[in-house]
Amino acid sequence: MEQHRTRPPAQGTRRDPPPLPPQAGREAGREAGREPGRKQPRPAGGPGRAGAPRSGGPRIAPVGRRPAPPPERTARTGRTARRMPNPRLTGLGGGLFSGVLMFGIGCLDQLLFGASLTVYSVLFLPVCLLTALWVRGGDLLSAPVVVPIAFAVGLLPMSGGGNGVGARLMGLVTALATQVGWLYAGTLVAGVAILARGLRRAATRRQTANHH
């Protein structure tokens, strides 16, 4: 008879593995819970938060706030403002400016137009306006005073009647008497410009005081 071979029993009893420490058990459980190929969820406050706008998408301006102008337009506006002449003359500087300018206009009028008082008087108006606009804020009241003096100074090369001083003075008085309307008109232009600047300065001061 054949006898079946039997496997001899293992010596001793089977022992269970020793228990792991608490920290090692938690790490082992965490590793076992991870599946290969599965991405872990990102934290809620990270860059992958749901609902957050993407960095490459268009930015929407807040409601009620106007978008800022492009830098090119702002730079172009600043360059244009710098090109515009904006001197600030004192009272004496405004008198010298208007007097020299009107004297030059009188000399050119004498050479080109044969001492035409009409041409001279018409060119007197823009000189009054420039003087009133370019005088500084502290000397605004000087503009309506210096422009009539400049008008008289510009008439010196145009006043004829003789070679003597008395003849020159008589020609000057005659020219002033005949062109008194233009003289008043130029003084009025300067006065209106000064009044507008004064009101604007007062409004600016009031707004500044209200803000503070």
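Numbering starts at 1 and runs along the sequence shown. Reckoned from all heavy atoms, side chains included, excluding hydrogens, waters and symmetry mates.
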A.B. asks: So, for A190 and V147, which heavy atoms are closest and what is the spacing to 0.1 Å?
C.D. replies: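 Heavy atoms only, the tightest pair is CB-CG2, 4.3 Å.
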A.B. asks: Enumerate donor-acceptor pairs with a distance under 3.5 Å from any side-chain N or O in residues 179-187 to protein atoms, sequence neighbours excluded.
C.D. replies:
residue : atom : partner : partner atom : Å
Q179    : OE1  : S121    : OG           : 2.9
T187    : OG1  : L183    : O            : 2.9

A.B. asks: Please indicate whether L141 has more than 12 foreign heavy atoms, meaning atoms of other residues, nucleotides or ligands, lying under 6.0 Å from its CG.
C.D. replies: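 At most 12 heavy atoms, drawn from other residues, nucleotides or ligands, come within 6.0 Å of this atom.
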A.B. asks: Going by the rule ring-ring contact (aromatic ring centres under 6.0 Å, His included), which residues pair with F124 if we only count those two or more places apart in sequence or in a different chain?
C.D. replies: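 With sequence neighbours excluded, F124 shows a ring-ring contact (aromatic ring centres under 6.0 Å, His included) to F151, given in chain and number order.
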A.B. asks: Would you say L112 ends up clustered with Y120 if hydrophobic residues are merged whenever their side chains have heavy atoms under 4.5 Å apart, either directly or through other cluster members?
C.D. replies: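 Yes, one cluster joins them.
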A.B. asks: Could you see if V135 belongs to whatever hydrophobic cluster contains L101? Use Ile, Leu, Val, Met, Phe, Trp, Tyr and a side-chain cutoff under 4.5 Å.
C.D. replies: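 Different clusters.
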A.B. asks: Run through V127, L129, L133 and flag the one making a side-chain contact (heavy atoms from CB on, under 4.5 Å) with T131.
C.D. replies: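 Option passing the side-chain contact (heavy atoms from CB on, under 4.5 Å) with T131: V127.
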A.B. asks: Does one hydrophobic cluster hold both V122 and L125, with members joined at side-chain heavy-atom distances below 4.5 Å?
C.D. replies: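 As far as the 4.5 Å side-chain criterion goes, L125 and V122 are connected within one cluster.
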A.B. asks: Say you draw a straight line from CG of L169 to OG of S159; how long is it, rounded to the nearest 0.5 Å?
C.D. replies: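 Interatomic distance, L169 CG to S159 OG, rounded to 0.5 Å: 8.0 Å.
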A.B. asks: Would you find a donor on one side and an acceptor on the other, under 3.5 Å apart, between the side chain of R205 and the backbone of R200?
C.D. replies: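 Absent.
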A.B. asks: Between R168 and L156, is the side-chain contact (heavy atoms from CB on, under 4.5 Å) condition met? List the steps.
C.D. replies: CA-CA 8 Å; R168 288 279 182 178; L156 290 177; over 6 Å; no
A.B. asks: I'd like to know if the side chain of S142 reaches the main chain of D139, judged simply by a donor and an acceptor atom lying under 3.5 Å from each other, with no hydrogens or angles considered.
C.D. replies: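 A pair under 3.5 Å: yes.
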A.B. asks: Group every Ile, Leu, Val, Met, Phe, Trp and Tyr by side-chain heavy-atom contacts under 4.5 Å, then state whether M102 and V100 land in the same group.
C.D. replies: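 Unlinked, M102 and V100 end up in two clusters.
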A.B. asks: Out of curiosity, D109 CG to L123 CG, how far, rounded to the nearest 0.5 Å?
C.D. replies: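 Interatomic distance, D109 CG to L123 CG, rounded to 0.5 Å: 7.5 Å.
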A.B. asks: Checking V119 against I105 for the side-chain contact (heavy atoms from CB on, under 4.5 Å) test, could you report, in this order, the C-alpha distance in whole Å, the side-chain angles of both residues, the deciding distance, and whether it holds?
C.D. replies: CA-CA 9 Å; V119 175; I105 291 175; over 6 Å; no
A.B. asks: Identify the heavy atoms of R136 and R197 that sit nearest to each other, and give their distance.
C.D. replies: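 Heavy atoms of R136 and R197 come nearest at C-NH2, 4.0 Å.
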A.B. asks: What distance do I194 atom CD1 and L140 atom CG have between them, rounded to the nearest 0.5 Å?
C.D. replies: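 Here the rounded value is 4.5 Å.
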A.B. asks: Looking at CG of L117 and CG of L155, how far apart are the two atoms once the value is rounded to the nearest 0.5 Å?
C.D. replies: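 Nearest 0.5 Å value for the CG-CG distance: 6.5 Å.
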A.B. asks: Atom CZ of F103 and atom CE of M158: how far apart are they, to the nearest 0.5 Å?
C.D. replies: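 The CE atom of M158 is 11.5 Å from CZ of F103, to the nearest 0.5 Å.
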